[in-house]
Structure formats: structure tokens, C-alpha cells
Chemist: 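Questions regarding the structure given below will be posed in turn.
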Amino acid sequence: MKHSFSKMTALALAAVMVLSACSAPAAPQEGTQPAAAATTQAAQESQTDGETTAAADTETPAAGGPVTITMAMTAPWDTFIPFNTTNGNTDAVLELMYDKLIVVKANGEHEPRLADTWEQDSETGKILTFKLNQNAKWHDGEPVTADDVVFTCELMANEAITHPRRSKVAFFTGTDDGGVRIQDEEFGVEALDEHTVQFTLKNPSPISYMLSQTFRDFYVLPKHLLADIPTESIMSDEFWQHPVGSGPCIYESSVSGERIEFEANKDYYLGAPEFDRFVVRIVPASNLLSGLMSGEIDITAGAGLGNIPMNDWDMAKQQANLTTESVKSLGYQYLSINVNNIPKEVRQAVNMAVNRDAIVNNLMRGEGEAAAGPLRQNHPYFNEELLPIPYDVDKAAQMVKDSGFDTGKTYVLRVSQGNEVREKTAPLIQQDLAKIGINVEIVTTDHPTHLAECRKGEYDFALIGSGGSPDPAESVVNVRPGHVNNFSQNADPSLYEKGMVEGFQVFTYEERLPIYKEYQMMLRDQVPFSWLYFQNDLVAYNNRISNVHFEDYSLLNRMVWQWKIAK
């Protein structure tokens, strides 16, 4: 079943675009990094007459025996608590265990997952009603009900806990602007019956945004297993050491920072996976291709979480046992600029000094696109007035000089580990800024530390990734004063008021288009971020797997129950 809603939704979502993962973060680890087969060179040397021999410690499943699929990503998850993360690697794991209401597709459609159908009240635009699949069950056999959805929302809105995804419930009545429940006010999430849940919004909101953003990473939790745990201690409860979900994979075990093992949920209501076991491994990017060639790895995580390194791409395409794809992505990388430390005219100069073409053409070998803003150029809401992207080093240097900016000190440029292109971009940005008189020191950390320091404003410049979206309002929360992802420390409400106040008062494509065109020009003028590039995802998987839709991965939908596995 597929759902479409209006001309606006079709136009806004029609382009084949994907969200790349927000990041490729790394978490504090207790375990050690896996050996991950041999190096790429060693794997190449193991080939004989075009055939690749498996590594000595790799076992080939016996014909007719249990089928195990191993997916590799380059940085680990950070939690099994679905609302306590903004880590794309974590989402890649969560979507295996837990269910979401819908599937967001790259072609602009929304398909059923836990919800069979949904609709928006056309009279007020404030009521969304979802009908749940009556066959859905938790991994312990209990039925999934509308009460589970309500419980999950109530938990996320409870002021006794703090978490980064609370803004997802801030749209519903009975919450304050931050998403915390208001005492004695009726909560806008209600179970109408066992399999029907209704959301009441504070204000009319475009359904394309609600589906593509709010419900994209909204994971439903089991009330019958969590309701009796005191809320103030729920974040540290033992449940998260062995979580129970309703998704296509059943959690078995994990080694922190190294691997997670799952059993296939053969009773999954959307269809039994064709594999018997599913393993997620953390593998250095330099070892991805060798693992794929040897058979130790079956598929990369894609979406910026497990891309084939550029230096290995040509070799990957030559492997007879692999299918390779270069997937265009809506996910973008940007240079976040601390507005408290860097004045507007200098931010504008920085934006003009960045050589995006050098990044795309040299570092990325053309597998991407220079970014003029948060929307790719084929996005239906893209403002053509942003082109050509300004690049004038001499003018930028003069702007810095005229501003009186202190060029005698060294500024901090932060970057996190786990994304090869992003890490290699940092020295190029350093060189670009040096040309206009701004000296920066590169500070590299694991991703959670990186985000924590940026959220505190402990930086001047920082390289960060974001998922992008078919909806033009995706980036607005990142410039909302007080939001957890307002890395630039922006305190000016004008961007938020344009993109998520004014932009949410109209619903058709024709009405929204001029608003988001103006919003993009406001971003260009204020420069809380300097947009850098959209990177294609270079992915590969074993030929025994088919019906894989990498274009949907960045929208947090791998849909492993649909994969076809040759026995």
C-alpha cells in the first residue's frame, strides 16, 4: 500500500533524493576494534585468475544451513535507547530491532510499516490518525497496540528525563515549546482503540514534514515491559542491555564498539527475513573492501556510515562477487560557524573562500555535488538564485581585513572520526581559511565528543553532516535558538520564524515555494553554516543479496525483510 496526499506532497517529494545519515559518529568503547579480514592490498593479492579466496578464518555456510548476513559500518552505535541519540550509526541498529509507523521512500512516497494507513484532518490540519497493523507483535509475543505508541510519546515528553529527540513530541498539544508535558493539559496523543492512535497538533503542519521528519525516526517501545519502571531511572534500566522490539531482527548479544548479533524475526508481520542471523560489525573503512572480497562482510551500511573509500572504489567495481552502486544523496556536509566568535561579515568571507569544487572534483573524484545550501540543486524547492556559488578569495581576504577581525590568534576547527571525506576536508578548509588570513588548528575527536563540544560552543569552526530531506524545512531546527542541534549558537529567531512558523502556515507547493526560497537566501546572508557538498554514497554488497534499495538507507529504511538471499 502506498499513500499520496496532495499535489504539494508529490511535487515536494518527487525527486529521487535521499537523506544521508546525520553523521558517522564514534562512541566511547569498551571492546576493541575488529581485525576485519586483511588489508585491501592483501585481499587483492589473494586473488588467483580472477577468483577471490576467502580469508582463512572465514567460514562459508554449508548449503542448506543457516544463513548469516553481516553488515559493516565504520563507527559504532552509542545506545539502544531510541530517543536518546542523534547518531546515524545508532539509527542503523535501532531500525532493525524496533518499528516505526511508516517507511519514508526516496521517491517521495510513504509506505506502511507499523501503521497500515494514515490520514490528516482536512478541516483543521491538526489531527493525524494512524491505523496500526493488527498482526504486529513484540519479540516476546505480546501484541503491539496503540497504547504502546501513546506510552512512547508520554515517555519522550516526561520532564524527568532529558534526551535529544524530545523536539519530536513538541508538535503535539499538551507540551511546551521544548516538548515537555504541561501539567493539567490534555496530551495530544491518544489511543482511540486498540489499533488506532490519534495525534493532535498545536498548529496545522504540512503532512509531508510530519511524515518525513517527525515520524522518520520515531521508534515505538513496549509499554508492558517499561511502564512499571520509575521514569527517573528508566534510562539506566537493564532493559536496554537486552532490548525487546517488534522489528525484523531480535537482539541476541553485543560487544561494545565491535559487533551486534541478531536472530531473524521469522514471525515479522511484514514478512519473514530470508536470512537466519544478522550481524552488524564495526570495521575500519580501509578494511571494508577486503572484507567484502573475502566474504567476511556481505554488505556495507551505506548512507555515509559504511561507504567504500574513494581509493578502493575502482577496485570494488572490478570484483565479480560484488554489486556496487554510487547513490546520490540528499545528505550534506557543512562547516558550522560559531556566531558568537565569528562576526557576520567574516562568516560571509569564509563562505566565499571555500573551494568546494576542489573538494568535489579532487577529493571526491566527482562523486558528489557542491552545496549552495541545504537543498540539492534538483530539489523542487531549490532556489536557483543561489547559483553560481560564490568563490572569490581576494574579495574574501579584503572583507576579513576591513572587518578588523583578529587574525593574530589561532582558531579551532573541529572534525570527528569515521567519515573519510569529511576528515580529509579539514586540511583543505584550513588551507582555504589561511588564504584569507584566518589560521585554524584542527582538533579531531570521536563523534560524541565532537557533538558535545560543538553544542557547548567550544569551537570556532566545525565540520558536521546532516541527513537532508525531501521536505524543505529539514534544516530549520538546526538554526532554532535553544535547539540541541543549533551548533552555530544562533540566537536570531528570524530563520526559525521564516522556515518553521511562516512555512508551516501554508500547505501547497505553490504557497510554500516562495517562503523556502527566501529562507535559503536568509541562510546565505547570515551564514550560521557554510554548506560544503553532497556526497554520493559508494556502496557494495555480495551478489547473493538482491532487492536492496540503498537510495532509502539515509531515510533510515533498509527494509531487510525485503532482501532476497540466494541460498
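The figures here come from the full heavy-atom set of this structure, side chains too, leaving out hydrogens, waters and symmetry mates.
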Chemist: When you look at Phe130 and Phe199, which way does the ring-ring contact (aromatic ring centres under 6.0 Å, His included) test go after all the steps?
Modeler: CA-CA 8 Å; Phe130 291 79; Phe199 298 89; 5.5 Å; yes
Chemist: So, taking the atom named CH2 in Trp118 and the one named NZ in Lys131, what distance separates them when rounded to the nearest 0.5 Å?
Modeler: 14.0 Å
Chemist: How long is the span from the OG atom in Ser416 to the CG atom in Leu451, to the nearest 0.5 Å?
Modeler: 7.0 Å
Chemist: Please check this pair: side chain of Gln120 against backbone of Ser205, looking for a donor-acceptor N/O pair closer than 3.5 Å.
Modeler: yes
Chemist: Looking just at side-chain N and O atoms, do Ser208 and His110 make a donor-acceptor pair shorter than 3.5 Å?
Modeler: no
Chemist: Parallel, tilted or perpendicular: which describes the rings of Phe278 and Trp563, with under 30° parallel and over 60° perpendicular?
Modeler: tilted
Chemist: Is there a side chain to side chain contact (heavy atoms under 4.5 Å, CB included) between Asn536 and Lys328 once you walk through the steps?
Modeler: CA-CA 5 Å; Asn536 292 0; Lys328 285 190 175 182; 3.9 Å; yes
Chemist: At what distance, to the nearest 0.5 angstrom, does NZ of Lys317 lie from CG of Leu322?
Modeler: 13.0 Å
Chemist: Do Val189 and Glu154 have side-chain heavy atoms sitting under 4.5 Å apart?
Modeler: no
Chemist: Who passes salt bridge (Lys or Arg N to Asp or Glu O under 4.0 Å) against Asp276, sequence neighbours left out?
Modeler: Lys266
Chemist: Is Asp552 salt-bridged to Lys105, cutoff N-O under 4.0 Å?
Modeler: yes
Chemist: Side chains of Val327 and Val539: closer than 4.5 Å at any heavy-atom pair?
Modeler: yes
Chemist: Between Gln134 and Tyr269, does any side-chain donor sit less than 3.5 Å from a side-chain acceptor?
Modeler: no
Chemist: Does Glu261 form a side chain to side chain contact (heavy atoms under 4.5 Å, CB included) with Val279? I'd like the steps, not just the answer.
Modeler: CA-CA 5 Å; Glu261 298 196 11; Val279 178; 4.1 Å; yes
Chemist: Could you tell me the separation between the CG atom of Asp91 and the OG1 atom of Thr86, rounded to the nearest 0.5 Å?
Modeler: 8.5 Å
Chemist: Applying side chain to side chain contact (heavy atoms under 4.5 Å, CB included), name anything that partners Glu142, two or more places apart in sequence or on another chain.
Modeler: Trp138, Asp140, His224
Chemist: Any non-hydrogen side-chain atom of Tyr541 less than 4.5 Å from a side-chain atom of Ile69?
Modeler: no
Chemist: Walk me through it: do Asn89 and Ile282 pass the test side chain to side chain contact (heavy atoms under 4.5 Å, CB included)?
Modeler: CA-CA 10 Å; Asn89 295 78; Ile282 310 305; 5.8 Å; no
Chemist: Return yes if some donor-acceptor pair links the side-chain N/O of His195 with the main-chain N/O of Asn133 below 3.5 Å, else return no.
Modeler: no
Chemist: Is the closest side-chain heavy-atom distance between Tyr553 and Thr300 below 4.5 Å?
Modeler: no
Chemist: Do Val144 and Asp99 touch side chain to side chain, with heavy atoms closer than 4.5 Å?
Modeler: no
Chemist: Output the distance between atom NE2 (His447) and atom CD1 (Ile464), rounded to the nearest 0.5 Å.
Modeler: 7.5 Å
Chemist: State, without any angle test, whether Asn307 and Asp537 hold a side-chain donor-acceptor pair at a distance under 3.5 Å.
Modeler: yes
Chemist: With no hydrogens and no angle check, just 3.5 Å: does a side-chain donor-acceptor pair link Tyr381 and Asp471?
Modeler: no
Chemist: If we ignore angles and hydrogens, is there a donor and acceptor under 3.5 Å between the side chains of Thr425 and Gln333?
Modeler: no
Chemist: Short question: side chain of Asn557, backbone of Leu555 - any donor-acceptor pair under 3.5 Å?
Modeler: yes
Chemist: So, Glu474 and Ser212: side-chain donor and acceptor under 3.5 Å apart, yes or no?
Modeler: no
Chemist: Any side-chain heavy atom of Thr196 sitting closer than 4.5 Å to one from Thr129?
Modeler: yes
Chemist: Is Thr152 reaching over with its side chain to a backbone N or O of Leu221, donor-acceptor style, under 3.5 angstrom?
Modeler: yes
Chemist: Ignoring hydrogens and geometry, is there a side-chain-to-backbone donor-acceptor pair from Asn321 to Leu292 under 3.5 Å?
Modeler: yes
Chemist: Please determine whether a side-chain nitrogen of the Lys or Arg among Arg165 and Asp217 lies less than 4.0 Å from a carboxylate oxygen of the Asp or Glu.
Modeler: yes
Chemist: Just say parallel, tilted or perpendicular for the rings of Phe80 and Tyr251, cut-offs at 30° and 60°.
Modeler: perpendicular
Chemist: Look only at the side chain of Thr74 and the backbone of Val283, and say whether a donor-acceptor pair between them is shorter than 3.5 Å.
Modeler: no
Chemist: Tell me whether Arg422 contacts the main-chain N or O of Val415 through its side chain, where contact means a donor paired with an acceptor under 3.5 Å.
Modeler: no
Chemist: Among Ile234, Val169, Val150, which residue meets the side chain to side chain contact (heavy atoms under 4.5 Å, CB included) test with Leu155?
Modeler: Ile234
Chemist: Between Arg365 and Asn311, do the side chains contain an N or O donor and an N or O acceptor separated by less than 3.5 Å?
Modeler: yes
Chemist: Using every non-hydrogen atom in the two residues, find where Val560 and Pro248 come nearest and quote the distance to one decimal.
Modeler: CG2-CG, 3.8 Å
Chemist: Between Ser475 and Asn478, is any side-chain donor less than 3.5 angstrom from a side-chain acceptor?
Modeler: no
Chemist: Phe218 and Phe83: aromatic ring centres closer than 6.0 Å?
Modeler: no
Chemist: Would Gln377 and Phe534 satisfy side chain to side chain contact (heavy atoms under 4.5 Å, CB included), going step by step from the backbone distance to the final call?
Modeler: CA-CA 10 Å; Gln377 292 180 29; Phe534 298 88; over 6 Å; no
Chemist: Under 3.5 Å, is there a donor-acceptor pair between the side chain of Glu367 and the main chain of Leu538?
Modeler: no
Chemist: Rounded to the nearest 0.5 Å, how far apart are CZ of Arg558 and CE of Met71?
Modeler: 5.0 Å
Chemist: Does Gly247 offer a backbone N or O that forms a donor-acceptor pair with the side chain of His139 under 3.5 Å?
Modeler: yes
Chemist: Taking the side chain as everything from C-beta on, heavy atoms only, tell me whether Pro374 gets closer than 4.5 Å to Tyr516.
Modeler: no
Chemist: Whether the side chain of Arg281 engages the backbone of Ile297 through a donor-acceptor N/O pair (distance < 3.5 Å, no angle test) should be reported.
Modeler: no
Chemist: Are any non-hydrogen side-chain atoms of Trp77 and Leu94 less than 4.5 angstrom apart?
Modeler: no
